[in-house]
Amino acid sequence: MRWSQSFIPTLKEEPSDAEVPSHRLMLRAGLIRQLMAGAYTYLPLGYRALRKAEAIVREEMDRAGAVEIHMPAIQPIELFERTGRIHSFGNVLIHFDVARRGQKVRLALGPTHEEVITDLISRHVSSYRQLPFTLYQIQTKFRNEERPRFGILRTSEFLMKDAYSFSASVEQLDQAYQAMYDAYCRIFSRCGLEYVPVEAESGPIGGDASHEFMVPAPNGEDRILRDTKSGYAANIERAVTGRRPSPVPAEAPADAPPMKSLDTPGTTSIEQVSKLLKCKPHQMIKTLIYLAINEFRGGRPQPVAVLIRGDHEANENKIRRVLGAESLELADEETIQKVTGAPVGFAGPVGIRCPVIVDHDIPLMEKAVVGANAADAHLVGVRIGRDWLPSTVGELQAVSFKIEGNADDRTTFDLRNAAPGDPSPKGDGTLELVHGIEVGHVFKLGAKYSVSLAATFVDEKEQSHPIIMGCYGIGVNRILAGLVETRHDADGIIWPISVAPYEVVVVPLNVQDPPVMELAERYYRELQDAGVDVLLDDRDLRAGAKFKDADLVGFPLRLVIGGKGLQDGVVELKWRDQPEAEKVPVADAVAAVRRQVAERQAALKAV
RNA sequence: CGGGGCGUAGCUCAGCUUGGCUAGAGCGCCAGCUUUGGGAGCUGGAAGUCGCAGGUUCGAAUCCUGUCGCCCCGACCA
């Protein structure tokens with residue numbers, strides 16, 4: 001392609017409404033243009049890069065044994081009603097009515113395709129002998145993001161590879177999951193992307209295992225905790241704190257001063273109380289009243305007090321799992337009034353009338369500031385063991401929480417988000433916090449959709465079972481955004497050769513100079529014939545402008561033909577990620593480019 | 001959905017507080033001359049319903065009301 005014939009609107013100045021590097025640079029390099037919030041046009045260079053990433057995804061999915069199909073983006077909303085996801089997606093699902101022969105047809109634009117594919121499979125699979133298999137597609141998805149942001153990192157329309165595995169057994173699911181996991185590692189490596197697979201929360205609905213593939217980047221929206229020593233990494237929802245159960249003291253030292261009640265009118269938050277009483281949040285205990293719904297109680301909500309150190313964040317998934325509850329929500333005002341005898345904001349463990357569970361860190365606090373279970377008051381100098389005790393295992397079991405252990409024991413649990421500095425759950429390292437961009441997700445779905453959409457098979461004993469599913473997504477656009485976000489310098493993007501819009505840019509410094517231009521044209525032709533992906537910068541611009549543009553777009557290899565070099569019989573080869581250029585004799589340039597490009601490509605493919 | 005910011009030429013912005021001459025600059029664009037290895041110089045030129053609607057006024061980019069759009073922080077995000 002000749003630069004003059006393509007459409008590459010580079011910008012010299014920073015666009016005013018872009019802040020993160022990927023957004024800024026993709027606009028400036030002429031890769032994308034915004035149509036509206038959350039929707040971008042891919043211009044020639046951006047689209048080429050996107051298609052290269054897509055091709056790598058496709059190759060590796062095929063290699064992993066997945067089979068490509070293509071499903072409609074428009075879907076009957078009835079499918080989402082059957083799975084209940086019309087509610088769980090809520091406003092994110094884009095749906096609308098159309099008229100057909102006077103009838104109203106209710107449509108949705110696919111935010112993902114579990115419903116469509118499970119419906120399809122339910123009609124055509126009936127025996128274990130047809131299983132297992134994995135299907136995938138690469139297609140535009142639509143989600144009405146409440147707040148699109150960061151350029152193409154978070155948009156309402158995006159290109160996604162979504163794969164679905166169908167298995168007759170958990171063993172088959174595990175195999176399909178591992179095949180996808182391995183394929184993802186190859187995909188991101190081949191794309192030249194630095195990535196970390198992290199353990200992820202599989203959410204309240206189904207599934208028991210899930211990994212997210214994260215690109216560590218300061219602008220990532222996800223927070224992950226990792227310990228580089230042991231290789232442990234998990235998203236903040238999932239990360240285990242590495243704390244052990246702490247012994248609950250039975251009493252306090254004899255000379256410890258008794259607890260004291262202080263007036264704290266209108267101070268209901270940790271922040272307010274710490275300010276008023278001049279204490280630090282980590283000297284306080286947060287008492288959160290939850291309502292747990294447990295099937296054994298016939299769905300009747302059971303209040304429970306959860307105690308967390310003041311500077312920590314409660315993790316509802318961990319609490320729910322500890323209690324073995326179906327669902328969990330913060331208690332309403334009425335319940336709090338009933339349990340604490342006080343309005344919201346003054347709950348504490350002393351004298352509370354519901355079961356109490358505590359985080360591992362709580363007994364480590366010698367004394368603490370807590371709510372007084374009375375309006376406008378807090379207690380200071382409160383000691384566990386003397387002033388209050390957590391519930392015993394037996395007491396918790398009695399209200400039907402599924403907790404193992406000796407009935408008389410009082411124990412502690414991991415109930416909070418892990419934080420940087422916490423000990424790693426593996427090895428002796430500590431956890432550090434990094435931000436990440438989620439580029440992929442593998443997920444053992446289980447039978448959630450096969451049950452609601454009646455996708456079943458019969459086994460060799462003619463017993464009917466729901467098909468066991470897995471789902472596996474990759475945000476193709478985010479591969480590009482992740483690359484630009486992590487591979488750029490002050491001058492522009494630094495593409496890995498595998499997804500660069502062009503592998504080589506041929507730059508004749510003066511298109512008016514016939515010998516220079518003739519050689520450039522010859523290189524262009526010969527490189528094209530050799531299968532090299534080459535762009536000829538045939539614009540009649542000054543050298544400086546061409547160099548700036550080449551650096552901005554970030555072509556991996558630049559081949560410069562200048563009048564002076566030509567007099568010495570040399571041209572110049574420069575890799576975008578190397579500081580120095582290499583001079584090569586005119587006659588050797590094509591061979592050198594072919595060899596070096598092939599080497600770079602091979603290095604990325606070999607992984 | 002809460003909080004903040006911004007809409008003036010293709011891009012980046014000034015002008016608005018205190019209403020008043022023909023609405024400006026730099027970059028880009030067009031023509032010409034010079035220049036030719038890191039976004040050149042000179043000369044000339046084209047280009048804006050000042051986001052939109054309404055109001056106040058003799059007069060509105062400027063003041064008021066409404067509305068639309070975009071960006072950022074937060075909430076939300078299988």
Side-chain angles (χ1 to χ4, degrees), chain A residues 9-20 23-24 27-28 30 33-40 80 83-93 110-115 118 141 143-151 153-156 158 160 162 164 200-207 210 212 219 221-223 235 237 438 440-446 448-449 452 469-473 475 490-492 507-513 516-517 537 539-553 558-568 570-572 574 581 583:
Chain A
T10 57
L11 298 173
K12 190 165 159 183
E13 302 200 55
E14 293 287 327
S16 64
D17 53 6
E19 298 204 348
V20 298
H23 191 196
R24 263 179 26 227
L27 284 170
R28 283 193 58 205
R33 280 297 179 270
Q34 184 181 57
L35 174 65
M36 58 181 204
Y40 287 83
F80 290 90
T83 60
R85 285 216 293 182
I86 188 165
H87 300 298
S88 47
F89 271 117
N91 199 31
V92 170
L93 185 67
T112 170
H113 279 70
E114 278 87 359
E115 279 82 359
T118 309
K141 298 288 192 268
R143 294 184 191 179
N144 178 38
E145 286 296 340
E146 287 293 327
R147 187 179 156 212
R149 63 183 122 178
F150 302 143
L153 271 175
R154 190 169 197 76
T155 54
S156 288
F158 54 95
M160 181 172 170
D162 48 322
Y164 306 90
E201 190 56 59
S202 37
I205 40 170
S210 159
E212 289 168 348
N219 288 306
E221 291 188 272
D222 294 282
R223 290 181 293 169
N235 73 18
E237 284 290 291
E438 183 186 348
H441 196 168
V442 291
F443 195 97
K444 291 184 188 175
L445 255 183
K448 175 174 160 56
Y449 297 101
S452 53
M469 292 174 57
C471 66
Y472 316 92
D491 293 319
V507 185
L509 288 183
N510 184 351
V511 300
Q512 309 283 9
D513 186 353
V516 167
M517 202 53 201
D537 187 354
R539 297 172 302 167
D540 188 4
L541 291 181
R542 297 175 65 81
K546 291 190 171 199
F547 288 142
K548 288 288 183 190
D549 269 350
D551 287 346
L552 177 60
V553 176
R558 191 179 77 190
L559 172 56
V560 175
I561 302 121
K564 288 178 191 162
L566 229 47
Q567 283 172 9
D568 301 336
V570 296
V571 292
E572 181 186 291
K574 178 171 181 310
K583 297 223 186 302

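Chain letters run A, B, ... following the sequence lines, proteins first and then strands; every chain starts at 1.
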5′-ward residue of the pair A:C471/A:G563 relative to RNA chain B: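 Of the two residues, A:G563 wins.
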Given RNA chain B, 5'-ward residue of the pair A:H441 and A:A543, judged by closest heavy atom: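 Nearest-nucleotide comparison on RNA chain B picks A:A543.
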Residue among A:L559, A:V516, A:V507 satisfying side chain to side chain contact (heavy atoms under 4.5 Å, CB included) with A:V571: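 Looking at A:L559, A:V516, A:V507, the match for A:V571 under the side chain to side chain contact (heavy atoms under 4.5 Å, CB included) is A:L559.
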Give one of base, sugar-phosphate or nothing for [X], where a contact means two heavy atoms less than 4.0 Å apart.
| X | answer |
| --- | --- |
| A:P111 | nothing |
| A:R33 | nothing |
| A:D513 | nothing |
| A:M160 | base |
| A:D549 | base |
| A:K546 | nothing |

Passing candidate, side chain to side chain donor-acceptor pair (under 3.5 Å) with A:K141, options A:D162, A:T112, A:T155: A:D162
Check: A:R143 main-chain N/O paired with A:S156 side-chain donor or acceptor under 3.5 Å: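 Yes: the side chain of A:S156 pairs with the backbone of A:R143.
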From B:G39, B:G37, B:A40, nucleotide with atom closest to A:E572 side chain: B:G37
Minimum-distance nucleotide (side-chain atoms of A:K548 versus B:G39, B:A78, B:G37):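 Closest nucleotide to the A:K548 side chain: B:G39.
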Results of side-chain hydrogen bond (donor to acceptor under 3.5 Å, both in side chains) for A:D537 - residues two or more places apart only: A:R539
Polar pair under 3.5 Å, donor/acceptor by atom type, side chain A:R558, base B:G37: no
Inter-nucleotide C1' distance (B:A47, B:G28), Å rounded: 12 Å
Can you name the atoms? Protein N/O to nucleotides 67-73 of chain B N/O, anything below 3.5 Å, with the distance.
residue: B:C70; atom: OP1; partner: A:A37; partner atom: N; Å: 2.9
residue: B:C70; atom: O2'; partner: A:D17; partner atom: OD2; Å: 3.4
residue: B:C71; atom: OP1; partner: A:Q34; partner atom: NE2; Å: 2.9
residue: B:C73; atom: OP2; partner: A:R147; partner atom: NH2; Å: 2.6

All salt bridge (Lys or Arg N to Asp or Glu O under 4.0 Å) counterparts of A:K583, not counting sequence neighbours: A:E572
Under the salt bridge (Lys or Arg N to Asp or Glu O under 4.0 Å) test, residues paired with A:D551 that sit two or more places apart: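 A:D551: salt bridge (Lys or Arg N to Asp or Glu O under 4.0 Å) contacts with A:R558.
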Could you check how far [atom1] of [X] sits from [atom2] of [N], rounded to whole Å?
| X | N | atom1 | atom2 | value |
| --- | --- | --- | --- | --- |
| A:N91 | B:A78 | CG | P | 14 Å |
| A:Q567 | B:U36 | CD | P | 13 Å |
| A:K564 | B:G37 | NZ | P | 5 Å |
| A:L11 | B:G10 | CG | C1' | 9 Å |

Step-by-step salt bridge (Lys or Arg N to Asp or Glu O under 4.0 Å) determination, A:R85 to A:E114: CA-CA 10 Å; A:R85 285 216 293 182; A:E114 278 87 359; 2.9 Å; yes
N/O (side chain, A:R542) to phosphate O (OP1/OP2, B:A40) under 4.0 Å: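 Looking at the OP1 and OP2 atoms of B:A40, one of them is under 4.0 Å from a side-chain N or O of A:R542.
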Partner residues of A:Q512 under the side chain to side chain contact (heavy atoms under 4.5 Å, CB included) criterion, sequence neighbours left out: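 Testing A:Q512 for side chain to side chain contact (heavy atoms under 4.5 Å, CB included), a comparison that skips the adjacent residues, returns A:N510, A:D540.
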Between the protein and nucleotides 26-28 of chain B, which nitrogen or oxygen pairs are less than 3.5 angstrom apart?
residue: B:G26; atom: N2; partner: A:E13; partner atom: OE2; Å: 2.7

